[in-house]
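See below for the structure under consideration.
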Amino acid sequence: MFPGIDGFEWTPGHLIFLGIFYTVVAVVFLTLALAAVRAWRSYRANRAEAIRWQADFHDLPARDRACRHALTGEMRERVCELGFDCRRCETHARLLEERPPAQAPAADTEAGGVRLPLDRLYHRGHTWVRPEKDGTVTVGLDELASRLMGTPDRVRLPKAGRRISVNGTGWRMWKHGSDVRVLSPVDGEVAATGGPEAGWYLKVKPAEGRLDARHLLRPDEAAPWMRRELERVQWTLGHSLADGGVMVQNLSEAVPAEAWDAVCAGVFLQV
Amino acid sequence: MDRALISRGVRRCSPRQFLLWLVPWAALAAFGAYSAGLCLVRGLNQTNMDNRFAFGLWIFLDLTVIALGAGAFFTGFLLYILKRHELKAVINSAVVIGFVCYSGAVVVLMVDVGQPLRAWFTFWHPNVHSMLTEVTFCITCYLTVLAIEYLPILLKNRKIRQVPSFLVFEFELHKVMYVLAGVGTFLSFFHQGSLGGLYGVLRGRPFAFREGFAIWPSTFFLFILSAAAAGPAFILLTTWLVSKISRKRLVKLEVMAELGRISGVLLIVYVLAKAVDTLVWINETAPATGFAAHQFYAWRPFGTWILFAEIVVFGLAPALVLLDEKKRQRTGWLVGAAVLVCSGIGLNRFVLTIQTLALPTLPFDAFLSYTPSWQEVGTFLAVIAYGVLVYSLSFRYLPLFPQERELAEVPRVSGD
Amino acid sequence: MKVGRRDLFKFAAGSVAGLAITPVPWKLLEDTALWSQNWSWIPRPPRGEIGTKFTACTLCPAGCAVRARCVGGQPVALAGVAEHPATRGVLCALGLAGHHLPYHPLRVRQALRGGRPVGLDTAAAEIAAALVEMRRSGSKNLVAVLDERPGRTASWLYRRWLADMPQGRYVTPPEREGATLAALAELIEGDAGPLGLDLERVRTILSFGAPVLDGWSTPGRVLRRRERFQIVQVETRYSRTAALADQWVPIRPGTEAAFALALAHVLIEERLYDEAAARRAGDFAAYRKVAGEFPPERVAGLSGVAAEQVIQTARLVAGRRPAIAVGGGDPGGGPLGREEEMAIGGLNLLLGGLERDGGIVRRRAVPAPKELEAGAAPVTEIQDLPNGSVGLLFIDASAAVDALPWRLVEQKLASGKALVVSLAAYRAGYAGHADYLIPAPMYLESLQDVPAPADAAEASFSLSTALVAPPQGVVEPVEFVGRVTGNAGTLSDWIKRRAAAVYRTGRGTVTTYTTGKVEPLAEVGSAEKFWNALTEGACWQDERVGGRAAPGVALLGRHGDGAARLRRAAAGRLDAGEAPAGQYPLVLAPFGWRGATGNTALSPVMSKVYQESGLRRAGNQAAVHPATGAACGLTDGCRGVIETQCGSCGVAVFFDPAVMPGVIQVAVGPEPPRTRSVLEVCDLEGGCSWRAARARIWKV
Amino acid sequence: MTMDTKRKRPARYGMVIDVDRCTGCGACMIACAVENNVPPAQPEATDRTGITWVRVYQIHNGASFPENRTAFVPVMCQQCGHQTPCVSVCPQQAVDVDRETGIVGQMPQRCLGCRYCMAACPYHARYFNWWDPVWPKGMERTLNPAVAPRMRGVVEKCNFCQGRLHAARERAAAAGRAEPKPGEYVPACVEACPTAAITFGDLADENSAAAEQARGGNTFRLLQKLGTEPKVYYRSSRPWVHQVAQQDFGRRKKEEIRG
């Protein structure tokens, strides 16, 4: 019986048992409350996007998290732990210092039939960033992503003036009845929106006035990455997409329906 | 709509096929719910239990599923406390299995007691000396913990996690999971033990009675060990089964082998402890209560073969298989051994619950048998159906196996 | 303020959380505990003033005194009365639950004709009309009252009324417990008057199947003096009495006469008999000759008891005197038969038990009002009625005890047009065979007199008072019969007149239960005071009849054919039957428990002894030796069919190693509904006995 | 309960049952049912689902006709005095041992119906209400107002007629005594036994008839070696009864047991 109930008496058994029991109950509910409070704070602090990426990245297979330096062959078998945010990466900074980037290739490169124009930087989420003269940057889908999406059924772009952040949601697209969240490659404020027909999707005023591009792939790095990406797509599909060494043009129709989600997830780094 | 709920990167069968799979189980669950309803409305006279067989199929079921559900706490313990990260591949599945087993057991317990409306009496007037009080407290607490552990998995559903607040909550919850895993481990150790103690303390049932340490009889510790051994084996088994049914690779063989190894190590310890315990019981405990141990096995079909089966066939044999590095690399051996381990745990719980009650104590008593009624079997099946339903839905809509996506991407040799 | 969906959710969540702090959920929780024990369908015992009332049990002839614990006047528990001189505080299991009987589900609350409700007046008019029609048509058929409890004031009323009717017959079931004494009275020269057993001083009881320790005589007289006498139980079945007897002599069914003669043989050969008694017997030489034909060696073959054991039994009985031999038969198995009782009577005489303390003593009859005693119809046992002779049969089953096979009653009915009127409290026993079923009051519902039982050592008289009101529509059976036959009379008045007759004797003592005071009847003061004492809890007990000169006796009876009948009976009842032993290799032996042979209802809590513990065998449960069972292809717990020459019935079979091989013991008692009682397949042997029949059994 | 505190010495109520006197008539079972408002059996009830707080078992010497011998052994709650098996197991303290009387009490209104105590009891003296109690219409009038009928789903057992103890105490209090005199408090079965086979009394009182008989020869207790110190003693002068009642283990075949 409990204290206060008729006939109750304290015994060591009661003390130990009820003590343990209440401790456990308290720990369980305090833990739950702690998680709730922290979640509430994070939510209020608008950290949801960052958390989403952090969680998604954490759940990506190790192979999908390969370091850019491992892709280029500079290092062996390195897995990124920082959510592809090389700006925070000491190794990246060190490597950049040790081996300054080589001169850009003379002409647009190409990997497995995917063109990689030189005038832009690439994000691991298959977007590109092109700095414009007016200080803004243009953001678009790279060719693999474009071909994969074909003409999206629907696109929902952020309104001008909306802040977006690296690896947060850039915009959303729908195709074949399933949605795709495109990772934003830059921090900044949306200045203008384009669309699939325009060849670009967003114009962004970079945060702090200038583009910090350390986390973006340079065109020379993009080719091995893209080859790896094509390989991944093929793994997901379980068969080759190449048509005589060149990727099929009409990728969005070539992917079988049951693999569509998986392919999109692989390409756009989603869970 | 259905597709939007399925995690990206994994393939699931068509909704129609899934529905076809669910229908028989749902029918079984409905039948079971009807059986259980009869027992609740008309009373326990619907069962074939009686004053002598005060416990029957249901208690056997409870003890067994809770032992099999031990994978949840033990995997959690290994992953979060001992940092065996490779077990991350099965932790979600383990949590769902644990939740299913425990909630099923609690539901059946509610049907099993004569006055479910008074279930809360145990919390209000607890007798701290009763093993059942310990069990009740721990199981309810642990079921709460399991529900909290299940919550993040649920929140990880593709559609649900699109809601930012849920996403954030899931993330934060995940970060404190080690606390819950710790609490869960603590609770599980106690209630798995108390379930063993439940029978071990029965001074009036010399077949079950054991001496022990402090307030706990030896079965307390044996149950912890055996449950810890059976839990991983059951996860291994279910993973393999799900993999076979869904025709997908879900976890890497190393993970399976690791589960097998853990099970094997614990099992060999258990078998040794059980053997020592049995010897002590035969030579000390039983004679002290006025019974020679061989008398307990004088009734067919409950002969000494049960002891042999329990310790050697379902104990030592799978333990040796699982401890063999080479055999662990073969799914056949792994699964075979896991089946033996899980059956062994069932047999052990059966012996403790059913044989104990079947054996006479009074000198002019008879050996009794008992056949469960269809209502009991129905309720029993409902728990299994409920488990399959919850697990199937979880497997379809929640990311239970993080490695699945990765394994699905591995290039295949032929166009499969 | 705009209220969104979100706000509603918040409100709901807040409400739930807030509600948890209020006492409401906790109070509700607490209430679940109360609900679960106070559901409307859980009966609540009524409360009221607690008091004690006294009455006497009428469920069997023993008439034990009863102390009823009453709540608001309603008896809630019955117990014995330690102050009562004969019953000594003993009440049997059936008596302990007697206060349940008025509420039995089988209770008849309305007159029935052919199973359909009919007005009581209509029924009375129709039966009266049938009686008139019988007289008018000059039918020779008899008008009979089968009185299942002779000796009551009601019985005297029946006898008186029937005496006035030329075709009237007063019929009783065959004598059971009194059979030995009745047979003994036949052996005594002159009018022996009623005899009794001096159980208070007896040192050996030689029982031929009488359930001495399990519902026999007045239980208090036997059970509370158990250590003062030895019991030698001669019985096929390992009954409760056999189990606790000092010696159990298992004899083959139907060989009691042979065994008794063998005992007589040993007593005579070894000169263990009472020589004075032998001198009084005019036919001792003839008797000796008959007994000489049954030496232990021969009887060993007949009865299955080794000669050595026969001799040893005789020595045992003779060695501790006073000894009495009793027969009477089993409540389910029926009477032993007159020859057997004669043989047992002979043993009593040889053992010198007659007219001696601790033996068989004379007693006076309980007086009845002179108006009734004078010109009462004689008593006819039912088997002595000519077959097919009864045109109108009233069965007063209101005080029924042991069952008779219905066939025994049925064969006395005139073929075709006989009318049977059963006056009973329950749809049990013969009620199903009756054309009219007239609801009778039950024990505790009406005033009844309780005269001394057949084996009492002295006359006694007490009252069973009404403690609860009978249901509407019940009628005192004797009053109904009186109404139909044109005789007016109120039973309670006649009981009071009988009490007055008792008072007029001026003999004996009155014991008041509340005080335990025993005072001479003469000092009570007046008949009215005596009556008041009786109704408030007292009993009258006559004084013992003083020693008289021992009379002359005839060991073989006074009719001259005794020797021949005895020889025939002793040669074996079963072998005398017509059933071929080859076709019916087994012997069916029914047995029962006094008051529970299915002729009347039992309290539902008797399920404790039957259904809920198996302590006693319910009706149509058959016990066989495992070897016999196996030989017949039976299994323990299986269903079986027993067949005799008289028919077949279904039974539940149990193996019991205590059963004599070759014998099927079948319980007569509360049988499952719609089951043919095993009694109906028993061989009637001329109505005297149905205790053994050749039979076979098979598994179904 | 205030009166109890005045007692000098706690009682230890117990009984001695003379097996040689028990005729197996069943009067104790009926008196018990009447006293304690134990309902009649449901039509489907069996000897394994029925309720009879005291149950008379028939024991056999194991021999076959005509060497067979039988004795009757009434078994009720044995009121274990040491490590009472049912008390420690009850999760909600519905079972307790009264320190003043040594009687093991069962509170049906507290009982949850888990039946753990039934599994714990080696004497099978505990009974579960598999059905709601039902008396034939009208018969509820005959219920004993001192004892509340139990609802379906709870366990009940013999408590030496606690209602009678309370009544006896009340009477004693009315007479100005602290406790009932010996003989004033007697359970229903003891009172009902036609052969006076049961002697009831305070075993702690050395002069009581029960204590005297318990000390005397020829007594035994069931499952004595379990060490639960039951307060119900049995006595018999028949050696085979001792042998059977104290043999280490039960019989093999079902047909050998009845009652």
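Proteins get letters first, then strands, A, B, ... in listed order; numbering begins at 1 in each. Side-chain atoms are counted along with the backbone in the values below, which use heavy atoms only and exclude waters and symmetry mates.
- For D:Glu184, the salt bridge (Lys or Arg N to Asp or Glu O under 4.0 Å) partners at least two apart in sequence or on another chain are D:Arg177.
- Using a 4.5 Å heavy-atom threshold, the side chains of C:Pro43 and D:Leu143 count as touching.
- D:Asn37 touches chain C through its side chain: at least one heavy atom from C-beta onward sits under 4.5 Å away, while N, CA, C and O do not.
- Distance alone, capped at 3.5 Å, places no donor-acceptor pair between the C:Gln74 side chain and the D:Thr142 backbone.
- Side-chain atoms of C:Tyr238 never come within 3.5 Å of backbone atoms of D:Phe65 as a donor-acceptor pair (strictly under, hydrogens ignored).
- Rounded to the nearest 0.5 angstrom, D:Cys193 SG and C:Leu223 CG are separated by 8.5 Å.
- In this view, D:Arg152 satisfies the side chain to side chain donor-acceptor pair (under 3.5 Å) rule with no residue, not counting sequence neighbours.
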#### Entry: side chain to side chain contact (heavy atoms under 4.5 Å, CB included) between C:Tyr103 and D:Arg141, intermediate numbers included
CA-CA 9 Å; C:Tyr103 312 101; D:Arg141 262 183 278 173; 3.6 Å; yes
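- Using a distance-only test at 3.5 Å, with no hydrogens or angles considered, no donor-acceptor pair links the side chain of C:Lys608 to the main chain of D:Pro40.
- By the neighbour-count criterion of 12 heavy atoms within 6.0 Å, atom CZ of D:Arg238 is densely surrounded, having more than that number from other residues, nucleotides or ligands.
- Of residues 23-32 of chain D, those residues lying under 4.5 Å from chain C by any heavy-atom pair are D:Thr23, D:Gly24, D:Cys25, D:Gly26, D:Ala27, D:Met29, D:Ile30, D:Ala31.
- Heavy atoms closer than 4.5 Å to chain C are found nowhere in D:Ala188, neither backbone nor side chain.
- Going from atom CD of D:Glu35 over to atom CG of C:Leu96 covers 11.0 Å, rounded to the nearest 0.5 Å.
- Residues C:His100 and D:Val34 are in side-chain contact: their nearest non-hydrogen atoms beyond the backbone lie under 4.5 Å apart.
- In terms of modelled atom types and a separation under 3.5 Å, the side chain of C:Gln611 and the main chain of D:Ala45 share a donor-acceptor contact.
- At a threshold of 4.5 Å between non-hydrogen side-chain atoms, the residues D:Asn68 and C:Pro657 do not count as touching.
- A salt bridge between C:Glu227 and D:Arg21 is present, with a side-chain N of the basic residue lying under 4.0 Å from a carboxylate O of the acidic one.
- Taking D:Glu156 as the reference, D:Arg150 meet the salt bridge (Lys or Arg N to Asp or Glu O under 4.0 Å) condition, with sequence neighbours excluded.
- Within the 4.5 angstrom heavy-atom criterion, no atom of D:Pro108 approaches chain C.
- Within the 4.5 Å cutoff, the side chain of C:His104 has no heavy atoms near those of the D:Pro136 side chain.
- For the pair D:Val134 and C:Trp41, the minimum side-chain heavy-atom distance is 4.5 Å or more.
- C:Ile42 places a side-chain heavy atom less than 4.5 Å from the side chain of D:Asp132.
- Contact of D:Ala192 with chain C is made through backbone and side chain together, with heavy-atom distances under 4.5 Å.
- Within the 4.5 angstrom heavy-atom criterion, atoms from both the backbone and the side chain of C:Pro46 approach chain D.
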